[in-house]
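What follows is a set of notes on a single structure, which appears directly below.
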Amino acid sequence: MKEIKIESTLYLFESLEELPKEVTFLMGKAVEAREKAYAPYSNFYVGAALLLDNNEIITGSNQENASYPSGLCAERTAIYYANSQYPDSKIVRMAITAGSKKNQTTSPIPPCGACRQAIAEYEVKQDAPIEIYFMGEVGKIAKSNSLANLLPLIFDKSVL
Ligand code: THU
């Protein structure tokens, strides 16, 4: 038997001021999207903003539904829209912020597993890494240099 260790690397920024300017701007767009989230059931508000290589910024927020599983996360709302509108553009980076009405979120909140799988599809498709920045409402911001780094043992078309 052989042990295999899998590592992921994150970079932590102390505050928005420490981020590169264009990333602070993108995170600002994610915050605006978060404020438009439709989350009457969980009261958990998520916003995502994508920068494309054509310089377009696409945003999305979580959209809930009385039939709970019919709702969709912010990240997938944004990435599906981006790929619908601009199928030939690559995604350079994604900024995500999540907040709760119950208590202020103060640590970075990573995308859920289903969203990681969805983002992975486009990272593989475009054959270029997507930078992922994520935060709560306040506090530190985490950066991953790619989606693959957030999803060890990725399931993609290569196994089909
Ligand atoms: N949510 C997102 O929008 N993104 C994630 O990565 C995790 C969860 C949403 C789904 C649901 O509307 C609410 O947050 C609570 O799970």
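We count ligands from 1, going down the list as the structure has it; atoms in each ligand are counted the same way.
Within 4.0 Å of ligand 1, protein heavy atoms belong to S42, F44, V46, N62, E64, C73, A74, E75, P111, C112, listed by chain and number.
Using cut-offs of 30° and 60° for the angle between ring planes, the Y41 and Y68 rings count as tilted.
The nearest pair of heavy atoms linking A33 to G60 is CB-O, 3.5 Å. Residues S100 and F44 approach most closely at CB-CD1, 3.8 Å, considering heavy atoms. Closest heavy-atom contact between L147 and E123: N-OE2, 2.7 Å.
Cluster partners of L16, using a side-chain heavy-atom cutoff of under 4.5 Å among ILVMFWY residues and allowing indirect links, are Y11, F13, L19, V23, M27, Y133, M135, I141.
In summary, the side chains of N65 and S67 do not present any donor paired with an acceptor at a separation below 3.5 Å, with no hydrogens or angles considered.
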